[in-house]
There are 4 protein chains.
Amino acid sequence: MSESKLLDALIAQAKLSKKQTEKQQKIVEAAITIFAEKGYANTSTSEIAKAAGVAEGTIFRHYGTKDNLLLSVILPFFKESFPIMAEEVFNEIMSSNVHTFEEFLKVFLKNRINFFFENKEIAKVVIKEILYNEELKSNLLPILSENFIIRVNKALDIFKERGEFVDIPTDRIVKMVLTFIAGFLASRLVLLNDYSITEEEIEDAVHFVMDGIRNKEQ
Amino acid sequence: MSESKLLDALIAQAKLSKKQTEKQQKIVEAAITIFAEKGYANTSTSEIAKAAGVAEGTIFRHYGTKDNLLLSVILPFFKESFPIMAEEVFNEIMSSNVHTFEEFLKVFLKNRINFFFENKEIAKVVIKEILYNEELKSNLLPILSENFIIRVNKALDIFKERGEFVDIPTDRIVKMVLTFIAGFLASRLVLLNDYSITEEEIEDAVHFVMDGIRNKEQ
Amino acid sequence: MSESKLLDALIAQAKLSKKQTEKQQKIVEAAITIFAEKGYANTSTSEIAKAAGVAEGTIFRHYGTKDNLLLSVILPFFKESFPIMAEEVFNEIMSSNVHTFEEFLKVFLKNRINFFFENKEIAKVVIKEILYNEELKSNLLPILSENFIIRVNKALDIFKERGEFVDIPTDRIVKMVLTFIAGFLASRLVLLNDYSITEEEIEDAVHFVMDGIRNKEQ
Amino acid sequence: MSESKLLDALIAQAKLSKKQTEKQQKIVEAAITIFAEKGYANTSTSEIAKAAGVAEGTIFRHYGTKDNLLLSVILPFFKESFPIMAEEVFNEIMSSNVHTFEEFLKVFLKNRINFFFENKEIAKVVIKEILYNEELKSNLLPILSENFIIRVNKALDIFKERGEFVDIPTDRIVKMVLTFIAGFLASRLVLLNDYSITEEEIEDAVHFVMDGIRNKEQ
DNA sequence: GATGAATGAGATTTCATTCAT
DNA sequence: CATGAATGAAATCTCATTCAT
C-alpha cells in the first residue's frame with residue numbers, strides 16, 4: 001500500500017472504470033476469488049493472471065500496480081456499503097412501517113446481511129484486508145465512521161428519545177450493537193465460511209440485541 | 001505454511017523450546033511486535049532480525065522457517081487460552097460464588113479479557129493470522145471448537161436447566177454469545193487498537209448479553 | 001531433487017519447452033558448460049546467470065528451480081540416447097552389412113561414441129550427476145535398463161545362437177561388455193577429459209572385447 | 001577445495017592423526033556413510049554432527065574445515081591403495097606361483113576387489129569425489145598415475161616380452177585393462193550398489209580381459 | 001489493447017565457520 | 001576437549017513491474 005489518499009484513488013478509480021473490457025472483468029473476478037481465499041499478500045499477480053486466463057502484463061496495463069487492483073476490488077463495494085445510510089434511504093426506512101427500533105434493526109440487518117451475502121467474496125476480501133493491512137485500515141475506517149457510525153448514532157438517538165433503550169450512553173450502545181453485527185458478519189464470512197443464513201437466525205439475532213438471553217418470565 | 005498437523009508442530013515445538021536463549025527471546029519479542037503491526041505476510045525476516053539486534057541466520061538456526069517462527073509465537077498463547085475452560089477451573093468457577101449465568105459470564109469475560117489484554121500483542125497476531133491465513137485457520141479452529149465451544153455449551157446447559165434463558169436452542173445461544181465476545185475482543189484489538197477497557201464496560205457488555213438494549217420498564 | 005517421477009518431469013518438460021527463447025538457450029548452454037566442469041552441486045545459479053549474460057530471475061522464470069534446470073539439460077540428451085536401440089534402427093543395423101557380432105559392435109560403438117562425443121559436455125553432466133546424485137540415479141537408471149540392457153540382451157542372443165560367443169550366460173556377457181563401454185566413455189569424458197578418439201582406438205576396443213589381450217598365435 | 005597441494009595435506013594429516021579420539025572416529029564414520037550416499041557437496045556438517053552424535057563445533061575442532069574432513073576420509077584409503085604395487089609386494093607376486101599374466105591378473109584383481117569391497121563405503125566416496133570434483137581430481141589423479149599406471153605398465157612389459165599379448169602398444173593395453181577394471185569396480189560400487197561379487201565373476205572377468213567374448217573353437 | 005519475456009530488488013533459507021563457555 | 005549459540009556470506013527463489021513486439 002502506498003500512502004496515497006484513498007479518497008483520491010476512489011475518484012481516480014471511478015474515472016478509469018468507464019468501460020470494463022472483458023479481460024478486465026475476468027481479472028477482477030479472479031482477483032476477488034483468490035484474494036478472498038488466500039488474502040492479498042499471499043496472492044501473486046501471476047496467479048491471478050493464470051486464473052483469469054490473461055497475460056500478466058494485461059493486469060498492469062489496466063491497473064498499474066497490484067495495490068491498485070486491490071482498490072479496484074474494494075472501493076466499489078465500499079461505496080455501495082453506504083447508500084443504506086444515505087439520507088433518503090434512511091428517511092424512507094424511518095417513515096414507512098418502521099415504528100420501533102426493533103423494526104428498524106430488523107430491516108437494517110436484513111438489508112445489510114443481504115448485501116454482504118450477495119457479495120460474499122468481495123465482502124470477505126474487504127473484511128480480511130481491512131483487518132490485516134494497517135494502512136488500508138487507517139484510510140478506510142475513518143470514512144466508515146464518518147458515514148456509518150454517525151448516522152446510526154443519529155438513528156438511535158431518535159428511538160432513544162422515545163425511551164426505547166436502557167439508560168446507557170448512546171455511543172456505547174452503538175458500539176455494542178455494531179460490534180455484534182460486525183462480529184456476526186465477520187465470523188460467518190471470514191471465520192466459518194458459513195454462507196447460509198436464515199430469516200429465523202436474523203430474528204434470533206434481533207431478539208438477542210433487543211432483549212439479550214435472559215428469560216424475563218421467570 | 002506446511003501441511004503438517006498443527007498439533008504435531010505444537011508438540012515438536014514444546015520439545016525444542018527447552019531453554020530459550022536471550023537472542024531467542026529478542027527474536028520472538030520483535031516478531032510479535034512487527035507481526036502485530038504489519039501482519040505476518042508483510043513482515044520480512046530481515047526486518048525482525050534487525051529489530052531484534054540479531055543476525056538473520058540466527059532466526060533460522062532456532063526456528064528453521066519463518067512459518068515456524070509464527071507458530072512459536074502463536075501456539076503458546078493458543079495453549080494458554082484453554083485452561084480457563086479446563087475441568088478444574090470450570091468447576092471452581094461454577095462452585096464458588098457463581099450462582100447465575102450472569103455471574104458466570106462476568107467472571108468468564110473478565111478472565112478472558114484480562115488474558116487477552118495482558119497479551120495484547122500476541123492476541124493481535126493470533127486473531128489476524130487466524131482470520132487471514134486459511135491454512136492456519138483450518139488447523140487451529142477445530143482445536144478451538146473442540147476445546148472451547150463444547151465446554152461453553154455444557155456450561156450453558158447447566159444454567160439453561162435452571163430456566164435462566166430464553167427458549168432458543170443452546171447452540172444458537174452459544175453462537176451468539178461467542179460471536180459477541182469474539183467480535184468485542186477482535187474489534188477492540190485489531191480494528192480499533194483500543195487497549196483500554198474499564199470494569200464499567202465489561203458490566204455493560206454483560207448487561208447487553210443478558211438483557212439486550214430494550215428498556216423493560218417502559 | 002524432488003521425489004517426483006522423472007518420467008512425469010520428462011513429459012512436463014517437453015510441454016514447456018515449446019519454443020526456446022534466445023536467453024533460454026544461453027542459460028542452458030552456460031549451465032551445461034559449468035555443470036560439466038564443476039558439477040551441479042558446486043555451481044550457483046548466479047554463476048550461470050552471469051555466464052549466460054542474463055538476470056538470475058530469468059533462470060527461475062523459465063525453469064522454476066535449479067533442479068529443473070538440470071533436468072532440462074539432462075533429459076533431452078537422455079531421450080536421444082535411446083533411439084539407436086529402437087526397433088527400426090536396430091533392425092536396420094542387423095539387416096544391412098552386419099553379419100557378425102564384431103561388426104555389430106563396431107557399428108554400435110562408433111554410433112554411441114560419436115553421439116557422446118558430439119555431445120561431450122552434456123554427456124559429462126549426465127555421467128557425473130547420475131553417478132553423484134542418488135535420487136537422479138534411482139530415477140534414471142531403471143529407465144536405462146528397461147530401454148537399453150534388454151535390447152542389447154536381445155541382440156546378443158541372436159548372435160549367441162550362431163555360436164559366436166563363449167559359453168557364459170548372456171546377461172553376464174552383457175554386463176561385462178556394457179561395463180567396458182561405460183567405463184571407456186566415462187573414463188575418457190569424466191576422468192581424463194580426453195576428447196580425442198580415433199578410429200584406430202575404436203578398432204582396438206572392439207578387438208579387446210572380442211578377443212581380449214591374449215596372443216592366440218603363441 | 002582450497003588449492004593446497006594434496007601431498008602436503010597428506011603429510012600434515014598424518015601428523016594430526018596421531019591418536020583418534022572416540023568422537024573423531026564417530027565423526028569420520030558418519031562422514032563416510034553420508035558422503036557415500038549423498039556425496040560430499042550435498043552433505044552438511046550439521047548432518048554429519050547429528051549422525052555422529054557430536055556437536056558441530058567438535059568437527060571443526062578436529063578437522064578445521066569440511067574440506068579437510070573429506071581429505072581425512074579419502075587420503076588414508078588412497079595411501080592404502082598403493083602398497084599392492086609397491087616394489088616388495090609386486091616382486092612377491094611376480095615370484096611365487098605367478099607365471100602368466102592371466103595368473104597375475106587374477107591375483108591382482110582379487111586383491112584389489114577385496115580391498116575395495118572391504119572398504120566399500122570409503123571407496124564409494126573416493127570414486128564419487130574424484131569423478132565429481134575437478135580440483136580433487138587434478139590433485140589425486142597424477143599421484144595415481146605416477147604410482148599405479150607406471151607400475152602396471154612395467155608389469156605388462158615383463159609379460160609382453162614373453163609374447164603373451166597381442167601386438168598393441170603396451171600403454172594402450174594398460175589403458176584398456178585399467179578402463180575395464182575401473183569400470184567394473186565403479187559400476188558395481190557407485191552405479192549398481194552391488195556389493196556381492198563371487199569368485200566365479202572374477203574368473204569371468206579375467207577370462208574376458210584375456211580372451212574376450214569370441215568363441216575360438218568355432 | 002494484449003502479450004509474455006525479462007528484470008532486479010528483496011525474501012527466505014542454508015551452512016561452514018567462529019568463539020565464548 | 002567439547003559444546004552449541006551465533007554469525008554472515010552466499011545460495012535459491014519470488015514477484016511486482018517494465019517494455020519491446
Side-chain angles (χ1 to χ4, degrees), chain A residues 19 21-24 27 41-50 52-69, chain B residues 18-24 26-27 41-49 52-69, chain C residues 18-24 26-27 41-49 52-69, chain D residues 19 21-24 27 41-50 52-69:
Chain A
K19 305 161 211 153
T21 65
E22 200 190 342
K23 302 259 175 189
Q24 276 188 75
I27 291 169
N42 300 317
T43 303
S44 71
T45 49
S46 88
E47 209 175 344
I48 297 169
K50 211 171 289 165
V54 148
E56 213 173 339
T58 309
I59 293 178
F60 289 90
R61 161 151 270 278
H62 287 298
Y63 301 97
T65 66
K66 192 189 165 194
D67 272 7
N68 209 37
L69 173 59
Chain B
K18 283 168 192 168
K19 302 157 210 154
Q20 275 205 323
T21 65
E22 202 187 339
K23 302 261 176 185
Q24 274 188 78
K26 292 223 173 139
I27 290 168
N42 300 317
T43 304
S44 74
T45 49
S46 90
E47 207 175 346
I48 296 169
V54 148
E56 209 170 344
T58 308
I59 293 179
F60 289 91
R61 150 156 257 269
H62 288 298
Y63 302 98
T65 65
K66 195 188 163 195
D67 271 6
N68 207 38
L69 173 59
Chain C
K18 285 167 190 168
K19 302 158 210 153
Q20 276 206 323
T21 64
E22 203 188 339
K23 301 263 176 183
Q24 275 188 76
K26 290 222 175 141
I27 290 168
N42 299 318
T43 304
S44 73
T45 50
S46 88
E47 207 174 346
I48 296 169
V54 149
E56 208 171 344
T58 307
I59 293 178
F60 290 92
R61 150 156 256 269
H62 287 298
Y63 302 98
T65 64
K66 195 189 162 195
D67 270 8
N68 207 37
L69 173 59
Chain D
K19 305 160 211 154
T21 65
E22 201 190 341
K23 303 258 175 188
Q24 277 189 73
I27 291 169
N42 300 317
T43 303
S44 71
T45 50
S46 87
E47 207 176 345
I48 296 169
K50 211 170 289 165
V54 149
E56 212 173 340
T58 309
I59 292 177
F60 290 90
R61 163 152 269 278
H62 287 299
Y63 301 97
T65 65
K66 192 189 165 194
D67 272 7
N68 209 37
L69 173 59

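Each chain gets a letter, A, B and so on, in the order its sequence line appears, and its residues count up from 1.
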Could you give the [atom1]-to-[atom2] distance, from [X] to [N], as a whole number of Å?
X     : N      : atom1 : atom2 : result
B/I59 : E/dT14 : CD1   : C1'   : 14 Å
C/K23 : E/dG8  : NZ    : C1'   : 13 Å
B/Y63 : E/dT12 : OH    : P     : 16 Å
C/E47 : F/dA11 : CD    : P     : 8 Å
C/I27 : F/dT12 : CD1   : P     : 14 Å
D/Q24 : F/dC1  : CD    : P     : 7 Å

Heavy atoms only: give me the nearest [X]-[Y] pair and the separation to one decimal.
X     : Y     : result
B/Q20 : B/Q24 : CA-NE2, 3.8 Å
B/I48 : B/I27 : CG2-O, 3.9 Å
B/E47 : B/T43 : OE1-CA, 3.9 Å
A/K66 : A/F60 : N-CE2, 4.1 Å

Hey, mind stepping through C/T45 and C/L69 against side chain to side chain contact (heavy atoms under 4.5 Å, CB included) and telling me if it holds? CA-CA 10 Å; C/T45 50; C/L69 173 59; 5.6 Å; no

Can you run through DNA chain F from 5' to 3' and write each base as (, ), [, ], | or . depending on how it pairs? Watson-Crick or G-U wobble, both distances under 3.5 Å. .||||||||||||||||||||

Listed by chain and number, what are the side chain to side chain donor-acceptor pair (under 3.5 Å) partners of C/S46, not counting sequence neighbours? C/S44

Treating primed atoms plus P, OP1 and OP2 as sugar-phosphate and everything else as base, which nucleotides of nucleotides 13-21 of chain F get B, S or - for protein heavy atoms under 4.0 Å? BB-BBB---

Per side chain to side chain contact (heavy atoms under 4.5 Å, CB included), B/V54 is matched among B/K23, B/R61, B/H62 by B/K23

Taking side chain to side chain contact (heavy atoms under 4.5 Å, CB included) as the definition, give me every residue that meets it alongside A/A49, ordered by chain and number, with sequence neighbours left out.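 Only A/E56, A/I59 meet the side chain to side chain contact (heavy atoms under 4.5 Å, CB included) criterion with A/A49.
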
Side chain to side chain contact (heavy atoms under 4.5 Å, CB included) partners of A/A41, counting only residues at least two apart: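 With sequence neighbours excluded, A/A41 shows a side chain to side chain contact (heavy atoms under 4.5 Å, CB included) to B/A41, B/N42, B/Y132, given in chain and number order.
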
In whole Å, measure the gap between the P atoms of F/dT21 and E/dG1 for me.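 Result for the P pair: 22 Å, nearest Å.
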
C/H62 side chain, from C-beta outward: closest of E/dT7, E/dA5, E/dT3: E/dA5

Nearest-nucleotide comparison on DNA chain F, the residue closer to the 5′ end among B/G53 and D/A55: D/A55

